[in-house]
Structures are given as C-alpha cells and as structure tokens.
Amino acid sequence: MHREHLIDNLNLLVVDSYEKMSEYAAGFVLSEIKTNPNLLICTATGSTPTLTYDLVAKEYEKAPEIFSHIRIIKLDEWGGVSMDDPATCEVYLREHLIQPLHIDESRFISFKSNPDESKQEVERIQKELENKGPIDLCILGMGVNGHLGFNEPVEKLQAHAHVAQLADSTKDHTMAQKTKGNIVYGLTLGIEDILASKKILLLVNGEHKREPFDTFLSQEVTPEFPVSMLWKHSDVTVMCDEGAHSVR
Ligand code: GLP
C-alpha cells in the first residue's frame, strides 16, 4: 500500500515499510538510468539507501549493459581517516555500488578521506563537478539534525564543496562508530551543488527520523535545517516509510 501526495512541486510517496520504500526507490533510479545511459548520480551513504543500492546492483545480473556508462559522484566523506577505514563512504560505495556495477575509476568522482590538504581536495572535486556535471540524479538521506551530506545546520550554508565541521550528533552516526581511526572533519558537496541537480530523490525511514521529517514537512526554509533547502528545488521526489511519517 502507498499514498502519494503532491505538495507544491514536491512529490511525496509514503509506503508501509523500509523494504517497499527501497523497492520504489530502486525502480525510480533504474528508470532514470534507462532514460539516460550517461547519468551522473550523486550518492549519499548511511543506513537509509543501502537496500535501494543493493536492489539496483541486483539488476546488473539481468542487464549489465545499462550500467556501462553511468557515472557516480560521492556526496560526502569522513575526513582524517584512511580510505580503507570501515567508516568511510568510500568503502560503503565500493561495496554497494562501484564493485557490483563494475564502475571503472574514470566514472567515479570521489573525495579522498585523508588528503594532504583538505582544502585542495574539495577544490579538486569542485572542478571535477564543473567539468562533468551537473548531477542528473542526486540521491539523498537526511541527518537527524536535518543535515544534507555534511552541510550541517549553520547561519549561512556554503554553496560548493567544502571542509565541514561536524555536529556532535553527526560524530555519533553509526558509520562514524565503525572507524578504527579518528574522524576529524567532513568533506561534502555544497548546497548549491546539490540544488543544481536536475532531479533529487530524498529517502527517509524509521521512527528516529519522524521528528526531523515533520520539521521538513512544515516547509519552513532555513539554513539551520539544511534539508529544508530542497523546497527551493523544482523536481524533488521524497520516499519514506510509515515509521518516519506522522499522519497529518
Ligand atoms: C550521514 C551522511 C549523509 C547521510 C545522513 C543520514 O552522516 N553524511 O550522507 O545521508 O547522514 O544517514 P542515515 O541514512 O544513516 O540516517
């Protein structure tokens, strides 16, 4: 069972479980890939999109050719730990998308987690995005504090790729808890980079997201709650499960 709502330009799909949300999301992503074989997909990590990615990856067995030109750009990365640290978005994305879909290195744009100069690293990624962008499909999750990537709540959001100071709740994230090192900062695309995407898919699940998701649905746009910036975009699809959605 699912309920669909159109709120201004935003298409909200509420389904009854995480599994269903992931099935719809994987279907959405696959249909975008079939429409544009060169799709540049920006990928969040975390617990939310994992099953979606695994379902997309499953499709490789049936139709490997549809993935031979797609490109992936990593949304964000934990900084100060080695690339093979179990906490990194690098390890996550390689396991769930890059390896199963056989994406070669030239089609993967990826922040290094341990650059010598973090500022140069974000500038490198920004140039890559300028040369290879814009993002066609941006797949996002939402932090419990409303962050998008590592665009944390602040008075003024940064437009482009930058080194971010992590909020305390972010440092407690389940991914960060897996580190064998010491996470010091975040590297992330900026809010304008995200909003320049042609299409955005936001995934939200679980009761722990209900309160922040309610705040999002209030439609108040503020840098203190970065995910609210998505209300400024004209093509956003949000998929959530009933755990995250209070009946209004
Ligand atoms: C993490 C990541 C984000 C992710 C978000 C939600 O810190 N930096 O890219 O979307 O927080 O994570 P989760 O899906 O585990 O709730």
Side-chain angles (χ1 to χ4, degrees), residues 17-19 21-22 25-26 29 41-55 72-81 83 85-97 109-113 118 122 125 135 137-154 157-158 161-179 183-191 193-195 197 200-216 225-230 236-241 243-245:
S17 67
Y18 172 70
E19 288 69 24
M21 179 194 82
S22 308
V29 174
I41 311 175
C42 175
T43 50
T45 54
S47 57
T48 310
T50 308
L51 183 56
T52 300
Y53 295 159
D54 291 346
L55 293 172
I72 288 183
I73 180 166
K74 189 198 276 180
L75 171 66
D76 55 2
E77 184 58 278
W78 304 97
V81 290
M83 280 291 250
D85 187 279
T88 57
C89 304
E90 183 76 14
V91 166
Y92 174 101
L93 286 175
R94 286 197 181 272
E95 178 186 341
H96 294 285
L97 288 177
I109 306 172
S110 170
F111 288 111
K112 289 196 184 98
S113 58
S118 51
V122 292
I125 294 297
I135 294 162
L137 172 63
C138 190
I139 304 172
L140 298 170
M142 181 181 86
V144 281
N145 65 350
H147 74 204
L148 268 190
F150 286 134
N151 292 276
E152 299 280 22
V154 275
L157 290 164
Q158 296 202 41
H162 60 278
V163 179
Q165 197 185 335
L166 299 174
D168 288 343
S169 62
T170 305
K171 289 183 195 152
D172 288 340
H173 191 275
T174 46
M175 284 179 91
Q177 285 170 14
K178 290 190 198 160
T179 187
I183 291 168
V184 191
Y185 56 88
L187 302 124
T188 186
L189 297 185
I191 205 75
D193 299 326
I194 293 171
L195 292 178
S197 307
I200 293 178
L201 174 64
L202 173 69
L203 301 176
V204 189
N205 77 283
E207 285 180 15
H208 64 300
K209 294 281 174 76
R210 187 174 280 203
E211 202 183 310
F213 193 46
D214 251 359
T215 307
F216 171 73
F225 199 70
V227 65
S228 69
M229 291 293 150
L230 297 185
V236 179
T237 298
V238 181
M239 296 186 186
C240 73
D241 71 352
H245 188 253

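The structure displayed is predicted, hence computed values, not measured ones. Order of listing sets the numbers, starting from 1, for every ligand and every atom in it.
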Notebook entry, point to check: Of the listed options (M142, E152, E77, H147), which comes nearest to atom 7 (O) of ligand 1 when hydrogens are ignored and any heavy atom counts?
Noted result: H147

Note to self: With no hydrogens and no angle check, just 3.5 Å: does a side-chain donor-acceptor pair link E90 and S113?
What the structure shows: no

Note to self: Just to check, does M175 reach to within less than 4.0 Å of ligand 1 when the distance is taken from its heavy atoms?
What the structure shows: no

Checklist line | Sequence-distant partners of F225, ring-ring contact (aromatic ring centres under 6.0 Å, His included), two or more places apart | finding: none

Note to self: Tell me every residue that passes side chain to side chain donor-acceptor pair (under 3.5 Å) with E77, counting only those two or more places apart in sequence or in another chain.
What the structure shows: K74

Check: Does the N or O separation between T170 and ligand 1 drop below 3.5 Å for any pair?
Finding: no

Next item on the list: Could you tell me whether some N/O pair between H208 and ligand 1 is separated by less than 3.5 angstrom?
Entry: no

Next item on the list: Before signing off on this row, confirm whether H173 and ligand 1 have an N or O atom pair separated by under 3.5 Å.
Entry: yes

Item checked: The single option from M175, K171, K178 passing side chain to side chain contact (heavy atoms under 4.5 Å, CB included) against W78 -> M175

Next item on the list: Just let me know how V144 lines up against ligand 1, side chain, backbone, both or neither, with a heavy-atom cut-off below 4.0 Å.
Entry: neither

Next item on the list: Have a look at ligand 1 and work out which part of T48, if any, has a heavy atom under 4.0 Å from it: side chain, backbone, both or neither.
Entry: both

Margin query: Just to check, does T174 reach to within less than 4.0 Å of ligand 1 when the distance is taken from its heavy atoms?
Written below: no

